[in-house]
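Order of appearance sets the numbers: ligands from 1, and atoms from 1 within every ligand. Just so you know, these numbers use all the heavy atoms, side chains as well, and skip hydrogens, waters and symmetry mates.
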Amino acid sequence: MAQSQPVSAPRYPSRMPRTIALVGIDGSGKTTQARTVAAELAAAGFPAVYRQNAGGRHWFGRIAVMVGRTDAEDLLGRRGTLAVESVLRWFAIVRTLLRRAVTREIAVMDRYAVCQFASLRAHGARPAAIRRARLAYRLFPQPDVMFFLAVDPEVAQDRIERRGYDTETMDYLMAADAAYRALPEYPRFVVIDANGTPEQVTKAIRTELEAGQA
Ligand SMILES: Cc1cn([C@H]2C[C@H](O)[C@@H](COP(=O)(O)OP(=O)(O)O)O2)c(=O)[nH]c1=O
């Protein structure tokens, strides 16, 4: 994967946030940017590592195609997919938090609990299901900083089509965008314009980290 090269060496403060989460709708660039941010921080001498907090939708989607279905929801049903995703993401985040607790690492997280709350809402889950998910995550600490990669749903859909391993409808991407913006956590997000090139988005995140206010 191409990594962006900063023109001049970043000037980070000596203290960095210990947990940095990248959140946003599918196709907003979370994976691309989390990998790049972790690599840049590591290159600058910080013990930063990329941590994926996956929900399994991608892998179940692949299995679904192998057995002649279209995607994870076609295989497991909508409620089944949401339940599996909630459980897998919960375990993935626990693993990231445990690793972070026993090492000095700076965890650059590809997704966090809020992604699950937004996903549930955008997929039309019942309020009781969202309450259960919030209960399951209630003891999880908030990341020190959550970068919300704000992208137009049209741009996101175009990127998803080009990456070629899944599809999302425009209705879903718009619902997901609205769901993120309606989250009670939204005021805490550091909003990054993620419509630009990967390099532009990386630069915007770097600028926030350099300012030390993220
Ligand atoms: C960040 C970014 C990604 N991309 C590409 C890389 C991926 O193939 C695709 C989606 O990015 P990806 O990082 O996979 O997004 P997410 O993890 O939020 O679903 O878009 C761009 O074309 N431009 C960008 O600015």
Distances only, to 0.1 Å: what are the N or O pairs between ligand 1 and the protein that fall under 3.5 Å?
unit_1: ligand 1; atom_1: 13 (O); unit_2: T31; atom_2: N; d: 3.4
unit_1: ligand 1; atom_1: 13 (O); unit_2: T32; atom_2: N; d: 2.8
unit_1: ligand 1; atom_1: 13 (O); unit_2: T32; atom_2: OG1; d: 2.5
unit_1: ligand 1; atom_1: 14 (O); unit_2: R163; atom_2: NH1; d: 2.8
unit_1: ligand 1; atom_1: 15 (O); unit_2: G29; atom_2: N; d: 3.1
unit_1: ligand 1; atom_1: 17 (O); unit_2: T31; atom_2: N; d: 3.0
unit_1: ligand 1; atom_1: 17 (O); unit_2: T31; atom_2: OG1; d: 2.8
unit_1: ligand 1; atom_1: 18 (O); unit_2: S28; atom_2: N; d: 3.3
unit_1: ligand 1; atom_1: 18 (O); unit_2: S28; atom_2: OG; d: 3.4
unit_1: ligand 1; atom_1: 18 (O); unit_2: G29; atom_2: N; d: 3.0
unit_1: ligand 1; atom_1: 18 (O); unit_2: K30; atom_2: N; d: 2.9
unit_1: ligand 1; atom_1: 18 (O); unit_2: K30; atom_2: NZ; d: 2.8
unit_1: ligand 1; atom_1: 19 (O); unit_2: G27; atom_2: N; d: 2.9
unit_1: ligand 1; atom_1: 19 (O); unit_2: R163; atom_2: NH1; d: 2.8
unit_1: ligand 1; atom_1: 23 (N); unit_2: R159; atom_2: NE; d: 3.4
unit_1: ligand 1; atom_1: 25 (O); unit_2: R159; atom_2: NH2; d: 3.2
unit_1: ligand 1; atom_1: 25 (O); unit_2: G196; atom_2: O; d: 3.1
unit_1: ligand 1; atom_1: 25 (O); unit_2: P198; atom_2: N; d: 3.1

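Ring geometry, W90 versus F140: the interplanar angle falls from 30° to 60°, so the pair is classed tilted.
Residues satisfying the salt bridge (charged side-chain N to carboxylate O under 4.0 Å, His left out) test with E185, not counting sequence neighbours, are R134.
Under the 6.0 Å cut-off for aromatic ring centres, Y180 and F117 do not qualify, their centroids lying 6.0 Å or more apart.
Salt bridge present: R57 and E85 bring a charged side-chain N and a carboxylate O closer than 4.0 Å. The pair E210-R11 does not count as a salt bridge, with every side-chain nitrogen at least 4.0 angstrom from each carboxylate oxygen.
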- Message: Evaluate D110 against Y50 for side chain to side chain donor-acceptor pair (under 3.5 Å), listing each step before the verdict.
- Response: CA-CA 7 Å; D110 180 355; Y50 166 81; 2.5 Å; yes
